[in-house]
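First the structure, in the form of structure tokens, and then the observations on it.
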There are 2 protein chains.
Amino acid sequence: MSPRIGMDKQIIVTAAVEIADAEGLESVTLARVAEKLGVRSPSLYNHINGLQELRMQLTLLALNRLHAAMAAAAEGNPGEEALRRISQAYVNFARMQPGLYEAVLRSPDPAEDRVGEAAGTIVRLVQQQMAFFGLNGDASLHAVRGFRSMLHGFAELERAGGFGLPLDLDTTLELMIEAFCRGLAAYKRT
Amino acid sequence: MSPRIGMDKQIIVTAAVEIADAEGLESVTLARVAEKLGVRSPSLYNHINGLQELRMQLTLLALNRLHAAMAAAAEGNPGEEALRRISQAYVNFARMQPGLYEAVLRSPDPAEDRVGEAAGTIVRLVQQQMAFFGLNGDASLHAVRGFRSMLHGFAELERAGGFGLPLDLDTTLELMIEAFCRGLAAYKRT
DNA sequence: ATCCTAAAACTAATATCATTAGTTTTGGCG
DNA sequence: CGCCAAAACTAATGATATTAGTTTTAGGAT
């Protein structure tokens, strides 16, 4: 029932992640993955339904790992310290796995349920932290959106080489987080 | 000296922008542009040096138009009001020209001089505004980076459908800008 | 032990790209 | 009116994804 074992969807996705992190998400092609695994590209179709599904798997994996990293960082640190650690975890993830991070916002179909669910767990994680700042309901959702915008923008600009000048990036991040936390009071009116 | 006039680099780039905005940056292929212009794709090589150069032109055009929109918004409105208007102009640009906006951070070579120059004009524009908040030198650069991160993250999340829930996006943006302005004081220590 | 079968690999083929080489067309200038 | 260079074209090559159809093989059944 299982000729030539060893190959399955997970192994394919793992190879794709390695290629993405080493060469960029654009370099993740079925041909490249097949080469890395020592098979011909049509063989991959026995385990995964084409490039679209592979890219969807990358997005879901990215969201899950990102959530795990953020959740671990939030553990036992309420309030501003949690936001600092979550931010650090977020940016570290993007730095350590730049190709996988790219996949976060580049799924073949952003409207798919599985993507929304995975993203939702991240939103709720951050939303819980906002409660420590006295934000609830719509206000906390707006705050989460602001927080995500800030972190994603920073991560993406850093990844894409958008910060040209030789000025310490960690300092930029720390100051941005501090400014955001100070400004959080602005959301209370909502 | 000019058989079959009418075609030149600018016309090609314009067609590419229309395709990008209507179908996404990924749909900008030489084949698609040639089809839109009613020629065969090799003909484009008489005017532009391949897909790479076309994509570079898109990035440069995007940066220039973005800068123009931001500069117009800053006109005659110093301080926080300027930041609000600049933010609005930035996000509007990304909304009106989503495909072109995508090109801002997806040049074939982010390290190229022309990209750095175009991005630099935007940085300096925002940096001037930071002076009204009493920020100079490194502090103002960190602040500009934070501002860009915020705006790019918001624009990108909105474009890619990253904001799932049905909660007003303009409100999210307004609150985020207000929070950032309030938090700007945090940069003064630097 | 051998056989059978279904999974998993393969080859072959089609279609879409980018790109290069070489050919043809054409419009303005002498 | 013909020349010629620019700009279009066709043809060809080499990636890529994907489908169809064939071969291989591992492990359970006999």
Side-chain angles (χ1 to χ4, degrees), chain A residues 1-61 99 102-103 106-110 112, chain B residues 1-61 99 102-103 106-110 112:
Chain A
M1 262 205 205
S2 58
R4 261 164 292 193
I5 42 174
M7 168 89 52
D8 66 357
K9 187 185 287 192
Q10 199 210 302
I11 286 180
I12 292 172
V13 172
T14 300
V17 170
E18 288 172 12
I19 293 167
D21 286 336
E23 307 165 26
L25 187 61
E26 287 190 11
S27 297
V28 175
T29 64
L30 291 185
R32 182 77 189 76
V33 171
E35 182 195 37
K36 190 179 179 79
L37 293 175
V39 299
R40 303 310 184 94
S41 52
S43 305
L44 300 177
Y45 284 81
N46 285 311
H47 308 283
I48 202 161
N49 196 8
L51 184 60
Q52 295 261 304
E53 187 186 338
L54 178 55
R55 306 226 292 144
M56 177 59 77
Q57 293 298 320
L58 287 181
T59 293
L60 296 175
L61 179 63
E102 276 187 83
R106 297 216 205 139
S107 71
D109 179 12
E112 225 200 82
Chain B
M1 260 204 207
S2 57
R4 261 165 292 195
I5 40 174
M7 168 90 50
D8 66 356
K9 186 184 286 192
Q10 198 210 304
I11 285 180
I12 292 172
V13 172
T14 300
V17 170
E18 288 171 13
I19 293 167
D21 287 336
E23 306 166 26
L25 187 61
E26 286 191 11
S27 297
V28 175
T29 63
L30 290 185
R32 182 77 189 77
V33 171
E35 182 196 38
K36 190 179 179 80
L37 293 175
V39 299
R40 303 309 184 96
S41 52
S43 304
L44 300 176
Y45 284 81
N46 285 312
H47 307 283
I48 202 161
N49 197 7
L51 184 60
Q52 296 259 306
E53 186 185 339
L54 178 55
R55 305 227 293 144
M56 179 58 77
Q57 293 298 321
L58 287 181
T59 293
L60 296 174
L61 179 63
E102 276 186 83
R106 298 217 204 136
S107 70
D109 179 12
E112 225 199 83

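All values derive from a computational prediction rather than experimental measurement. Residue numbers start from 1 in every chain, and the chains themselves are labelled A, B, ... in the order their sequence lines are given, proteins ahead of strands.
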Starting at atom CG of L54(A), determine the distance to atom C1' of dT16(D), rounded to an integer number of angstrom. 14 Å
Taking only side-chain nitrogens and oxygens of H47(B), does any of them come within less than 4.0 Å of OP1 or OP2 of dA6(D)? no
To the nearest Å, how far apart are R55(A) CZ and dT16(D) P? 15 Å
Spell out, as yes or no, whether a donor-acceptor pair under 3.5 Å connects the side chain of S27(A) to the backbone of E23(A). yes
Please give, in whole Å, the distance from dA8(C) C1' to L37(A) CG? 14 Å
Looking at side-chain heavy atoms only, is the closest gap between T14(B) and V17(B) below 4.5 Å? no
Side chain of P42(A): nearest nucleotide among dT19(D), dA21(C), dA17(D)? dT19(D)
Hey, does the side chain of R40(B) come within less than 4.0 Å of dA8(D)'s phosphate (OP1/OP2), counting only N and O? no
Whole Å only: how far is the CG atom of L44(B) from the C1' atom of dC9(D)? 12 Å
Y45(A) OH to dA12(C) P, straight-line distance once rounded to whole Å: 19 Å
Between P of dT16(D) and CG of L51(B), the distance in whole Å: 15 Å
With the side chain of M7(A) defined as its heavy atoms from C-beta on, choose the nearest nucleotide among dA17(D), dA18(C), dA9(C). dA9(C)
Expressed as a whole number of angstroms, how long is the span from N49(A):CG to dT19(D):P? 7 Å
Which part of the nucleic acid, if any, lies within contact of S43(B), taking any heavy atom under 4.0 Å across all strands shown: a base, the sugar-phosphate backbone alone, or nothing? base
Respond yes when some side-chain nitrogen or oxygen of S41(A) is under 4.0 Å from OP1 or OP2 of dA17(D), and no when none is. no
Validation row: L51(B), T29(B) side chains within 4.5 angstrom (heavy atoms): no
Whole angstroms only, please: what is the CZ-C1' distance between R32(B) and dT19(C)? 20 Å
Is a donor-acceptor pair below 3.5 Å formed from side chain N46(A) to base dA7(C), judging by atom type as modelled? no
Closest heavy-atom contact between D21(B) and G99(B)? OD1-N, 2.9 Å
Which heavy atom of A103(A) sits nearest to which heavy atom of T59(A), and what is that distance? O-OG1, 2.7 Å
Among the nucleotides dT10(D), dA17(D), dA9(C), whichever has the atom closest to the side chain of L30(A) is dA17(D)
